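Remarks on the structure that follows.
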Amino acid sequence: MATLGAPTKKHKVTIIGSGNWGSTIAKIVAENTKEHPELFQEEVQMWVYEEDVMVPKDSKHYDSSKGESPQKLTSIINTYHENVKYLPNIALPKNIVANPSVVDAAKGSSILVFNLPHQFIGRISKQLEGNILPYARGISCIKGVNVTESEISLFSEWIGEGLGIYCGALSGANIANEIAQEKWCETTIAYDPPPIDSRVATPTGPSPSASRVNLTITPADEEHRDVLGRISKTKLKALPSEYPPLDHATFKTLFYRPYFHVRMVSDVAGVSLGGALKNIVALAAGFVDGRGWGDNAKAAVMRVGLLEMVKFGKEFFGQTVHTGTFTEESCGVADLITSCSGGRNFRCAKMAVERGVSVDEVEAKELNGQKLQGTSTAKEVNSFLKARGLEAEYPLFTAVLDILEGRNTVDDIPALLARADDD
Ligand SMILES: NC(=O)c1ccc[n+]([C@@H]2O[C@H](COP(=O)([O-])OP(=O)(O)OC[C@H]3O[C@@H](n4cnc5c(N)ncnc54)[C@H](O)[C@@H]3O)[C@@H](O)[C@H]2O)c1
Ligand SMILES: O=P(O)(O)OC[C@H](O)CO
């Protein structure tokens with residue numbers, strides 16, 4: 001019998017996204033919801049962008065009697081417990097349920113884990129507006145930033161503001177295929193919700209939401225202004241007391257595995273920016289490696305890249321960003337190292353230089369539907385810097401876009417970075 005005041009409800013968890021990383025995180029979470037019935041409902045819903053998929057001939061699930069007929073990806077996942085397209089040859093826990101409706105998957109969930117390529121989050125988030133528990137909490141595993149010429153925001157902020165909830169961030173040196181095989185690594189989770197009845201984090205770009213409260217700005221609201229002068233209009237709703245608390249301990253329990261170690265921090269901006277900006281640097285590392293310049297050149301672009309990542313964080317997210325998040329945590333320097341060693345951005349940029357074709361062509365040919373984040377992030381960050389006349393202050397970020405768009409070549413990198421050293 002439950003004792004007075006003890007939680008009587010369990011958290012339902014939904015994973016929004018089912019790509020290479022989305023499916024891996026679903027595996028981790030589903031293993032933990034099964035192991036911790038005192039906190040979580042065992043079943044984990046996973047929203048799948050529905051598509052018709054052929055089971056590959058070399059898959060153990062290939063059925064020659066079905067021949068070449070494609071099947072729905074949700075049906076394949078729910079039948080074989082494997083995402084044969086985005087995470088092949090990895091057994092998924094049976095308590096993961098693939099669902100093609102994001103609204104249905106998220107219904108009644110108190111924990112929403114956002115894990116999809118950043119170019120798709122806008123449309124999905126829109127569908128969720130007004131259709132989630134008002135006291136839900138989110139974790140964004142998305143590595144990218146939301147940029148317009150006038151604004152920059154973190155996806156954790158943007159999701160939180162759009163849906164009227166608080167959203168933290170998970171990021172680290174985390175190549176999905178290695179983790180899916182249960183090879184040990186670390187990650188960083190930032191979770192720092194403001195007090196109840198306070199504004200949610202910092203506000204974001206133009207994400208109109210039914211759950212926003214129309215507030216008149218008072219002098220007290222000025223305290224909620226962030227470094228870009230934005231004021232949040234969302235108030236955080238309290239989690240009903242029937243649930244176990246949603247704090248660092250609960251989130252650590254949800255994500256920690258013996259092969260996936262978790263450090264909890266509070267610097268949401270630092271964690272999110274590390275994951276987004278390292279993708280630009282990984283392209284540069286791939287460029288110089290593809291050119292055959294070896295490890296010293298790669299280390300040089302990583303050094304400059306790390307400096308630009310910290311500078312960008314400090315310049316546009318001010319006091320909220322800790323330099324130590326970049327230099328001491330998995331989401332910072334460790335992710336930079338792994339991404340510049342074996343990440344998709346690095347590998348595709350390297351192949352593009354070796355073959356003399358564009359990175360986009362390599363992505364389309366080699367990744368079987370997986371998406372690079374570095375090419376779009378390089379463009380988005382550049383448009384934000386250009387609008388402020390700051391391109392020259394970020395020579396590596398700028399060089400990467402100029403190489404992608406053909407205005408410079410890899411051979412120009414040393415001179416472009418040397419010019420910055422002279423300033
Ligand atoms: N893969 C990794 O090793 C890894 C590791 C850590 C973080 N991340 C980050 O996690 C996020 C998700 O990456 P991923 O590897 O799971 O994705 P992915 O690269 O495997 O992308 C494919 C996913 O995009 C979906 N998709 C395709 N078209 C779509 C559309 N029109 N609308 C909505 N969805 C569509 C597909 O269904 C599939 O789920 C990214 O921000 C990435 O940087 C990836
Ligand atoms: O394969 P990438 O380049 O998208 O990088 C994957 C992860 O972000 C590495 O931590």
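Treat the numbers as computed from the prediction; the structure is a model and nothing was measured. In each ligand, atom 1 is the first atom listed, and ligand 1 is the first ligand listed.
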[X] contact mode with ligand 1 (heavy-atom cut-off under 4.0 Å):
| X | value |
| --- | --- |
| Cys141 | backbone |
| Gln370 | both |
| Leu116 | backbone |
| Phe120 | side chain |

Gln370, Arg344, Lys278: member with heavy atom nearest to atom 5 (O) of ligand 2 =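 Nearest option to atom 5 (O) of ligand 2, by heavy atoms: Lys278.
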request  = Measure from atom 41 (O) of ligand 1 to every heavy atom in Lys143, Lys371, Glu51, Glu363 and give the option owning the shortest one.
outcome  =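 Among Lys143, Lys371, Glu51, Glu363, the closest heavy atom to atom 41 (O) of ligand 1 comes from Lys143.
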request  = Could you tell me whether the side chains of Tyr243 and Tyr135 share a donor-acceptor contact shorter than 3.5 Å?
outcome  =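 Their side chains do contain a donor-acceptor pair, which is all the 3.5 Å distance test asks for.
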query = Counting only heavy atoms, which portion of Asp335 has something under 4.0 Å from ligand 2: side chain, backbone, both, or neither?
reply =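 The answer is the side chain.
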Thr338, portion touching ligand 2 at heavy-atom distance under 4.0 Å =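 Contact part for Thr338 vs ligand 2: side chain (C-beta onward).
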request  = Heavy-atom contacts with Asn174 under 4.0 Å: which atoms of ligand 2 show up? List them by number with element.
outcome  =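 So the atoms of ligand 2 that pass are 7 (C), 9 (C), 10 (O).
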query = Arg347 near ligand 2, heavy-atom distance under 4.0 Å?
reply =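 Not so, Arg347 does not reach ligand 2.
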query = Does at least one non-hydrogen atom of Lys143 fall below 4.0 angstrom from an atom of ligand 2?
reply =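 Yes; Lys143 lies near enough to ligand 2 that a heavy-atom distance drops under 4.0 Å.
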task = Answer yes or no on whether Lys298 is positioned over the face of Phe346, meaning its NZ or CZ is under 6.0 Å from the six-membered ring centre and within 45° of the axis.
result =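 Pair Lys298/Phe346 counts as cation-pi.
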inquiry  = Students should be able to answer this: which protein heavy-atom is nearest to atom 16 (O) of ligand 1, and at what distance?
reply    =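 The protein heavy atom lying closest is Trp21 N, 2.9 Å.
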query = So is Arg123 close enough to ligand 1, meaning a heavy atom under 4.0 angstrom away?
reply =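 Yes, that is the case, since the closest heavy atom of the residue is under 4.0 Å from the ligand.
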message = Would Gln119 count as a contact residue for ligand 1, given that I'm defining contact as a non-hydrogen atom of the residue lying under 4.0 Å from a ligand atom?
response =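 It does not, in that no heavy atom of Gln119 comes within the 4.0 Å cut-off of ligand 1.
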inquiry  = Give the atom numbers and elements of ligand 1 that come within less than 4.0 Å of a heavy atom of Ala176.
reply    =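 Checking each atom against Ala176, I get 1 (N), 2 (C), 3 (O).
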